[in-house]
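Structure record follows, encoded as structure tokens.
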Amino acid sequence: MELKDRVALVTGGSRGIGLSISRALAEAGARVIVIGRDGERAAAEAATLPGGGHIGLGCDVADPAQATETVRTAEEAAGPISILVNNAGITRDNILLRLKDEDWDEVMAVNLKGAFNMTRALTRGMMKLRDGVILNITSVVGISGNAGQSNYAASKAGLIGFTRSVARELASRNVRCNAIAPGYIETDMTGALDEKQTQTLKERIPLGRLGTPEDVAALVRFLAGPSAGYITGQVFTVDGGMVI
Ligand code: NDP
């Protein structure tokens, strides 16, 4: 129960990797605020987490006003938030020549500006507490690049620069900021693969299997806790060795 008495906010906490992260933080004793655009779903999933007092709220992280308002509502209900996981993310994949303006803008607005909106809304509180953890869920494609994902890869690479800058800026207030770069994790985002596609993918992964949301959540739990108290500004890959 290393996160007992702490309040954590997880964006995109209502499905996939974010839901596993919410569960792992709740298992560690934190009170969790689950965020998704679909507030009913977020509330329903919050109610299934272990321990009590978890809350689900509807919020589009791309909208700065909604981000500020959501943080206010959450802190009124649950107290000061000292752990933020910027996990909400979307894809709008296409080859460069077919990528539309809105595909570029939407991905940037959610994946990169969304993280900025939530981090800015929570920074003052964390600085006052002199205690905070910010974890940004980026992607291995933000490091390696990927054909057909130039918008997504750019947003995830941007998140790495954001992570390192925030880490430098807030370290003197005991606020740590790290990034986690998952490889191929089985969720709604990656969709169902047929047997042949799964086999091809597995051959590219030294550990020989696709990742699970729990593989990512375990690292989030560690980085959010006191055992990671001397770690900031880093990017951790969780990909079964795919981009060694
Ligand atoms: P899912 O599509 O399964 O879930 C996305 C979550 O984000 C949902 O809870 C969704 O809820 C929420 N969300 C989406 N848009 C917004 C928004 N504008 N505001 C608030 N919440 C939003 O995604 P994954 O679990 O697969 O991915 C989670 C993160 O991990 C993403 O950042 C993704 O880029 C990253 N990642 C995933 C990998 C994978 O293989 N799955 C690999 C590498 C990185 P709602 O629909 O209600 O808004």
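Both counts, for ligands and for their atoms, begin at 1 and track the order of listing.
Atom CD of E214 has more than 12 heavy atoms from other residues, nucleotides or ligands within 6.0 Å.
The main-chain N or O of I81 is found under 3.5 Å from a side-chain atom of E75 such that the two form a donor-acceptor pair.
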Q) How far apart are the C-alpha atoms of R41 and S14, what are their side-chain angles, what is the distance that settles it, and do they pass the side-chain hydrogen bond (donor to acceptor under 3.5 Å, both in side chains) test? A) CA-CA 7 Å; R41 182 175 184 140; S14 55; 4.8 Å; no
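Residues I134 and L170 meet the side-chain proximity criterion, which asks for heavy atoms closer than 4.5 Å.
Looking at residues two or more places apart in sequence or on another chain, you find a side chain to side chain contact (heavy atoms under 4.5 Å, CB included) between T190 and Y184, T187.
Atom CG of D188 is separated from atom CZ of R15 by 5.0 Å, given to the nearest 0.5 angstrom.
Around ligand 1, the residues contributing at least one heavy atom under 4.0 Å from the ligand are G12, S14, R15, G16, I17, G36, R37, D38, C59, D60, V61, N87, A88, G89, I90, V110, I137, T138, S139, Y152, K156, P182, G183, Y184, I185, T187, D188, M189, T190.
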